[in-house]
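We use all heavy atoms of the structure for the numbers below, so side chains are in, but hydrogens, waters and symmetry mates are not.
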Amino acid sequence: MIYHPRNDIYHCCFRLLSILKSYDQPITIEKIRIIDFYLVYPNFVKEITLPRKNGNTKLKNMYAKLPPPFEIMPNKKNTLF
C-alpha cells in the first residue's frame with residue numbers, strides 16, 4: 001500500500017485547519033477546495049497563469065524549480081470537481 005496525503009483523514013483535517021487559521025475573514029468552500037488541491041498537489045502550481053507583476057515572476061520561478069513528482073498525477077478536472 002502506498003501512502004498519499006489525499007487519502008489520509010488526519011492530513012485532510014490538518015490541511016483544513018491550517019487553511020482556516022490563515023484567514024481572518026469567512027472563506028467559501030470553493031476557495032478551500034482549490035487551496036487544498038494545491039496543497040496536496042503542489043506540482044500543479046507550475047501550470048497556473050498569473051498576471052505579470054513583480055512578485056508573480058519570482059513566485060513562478062520558485063515553483064518552476066520543483067522536481068517532478070514520483071507518482072502518476074491525476075486528472076485535475078476529475079480530482080477538483
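- Every residue meeting the side chain to side chain contact (heavy atoms under 4.5 Å, CB included) condition with Ile27, not counting sequence neighbours, appears here in chain and number order: Ile19, Leu20, Tyr23, Lys31, Ile32, Ile35.
- Other members of the cluster containing Phe14 do not exist, because no ILVMFWY side chain is joined to it at under 4.5 Å.
- Separation of atoms CG (Leu39) and CZ (Arg15) is listed at 7.0 Å; rounding is to 0.5 Å.
- Leu16 and Val40 fall into different hydrophobic clusters, where Ile, Leu, Val, Met, Phe, Trp and Tyr residues are linked whenever their side-chain heavy atoms come under 4.5 Å apart, directly or through other members.
- The local environment of CD1 in Ile9 is sparse, with at most 12 non-hydrogen atoms from other residues, nucleotides or ligands closer than 6.0 Å.
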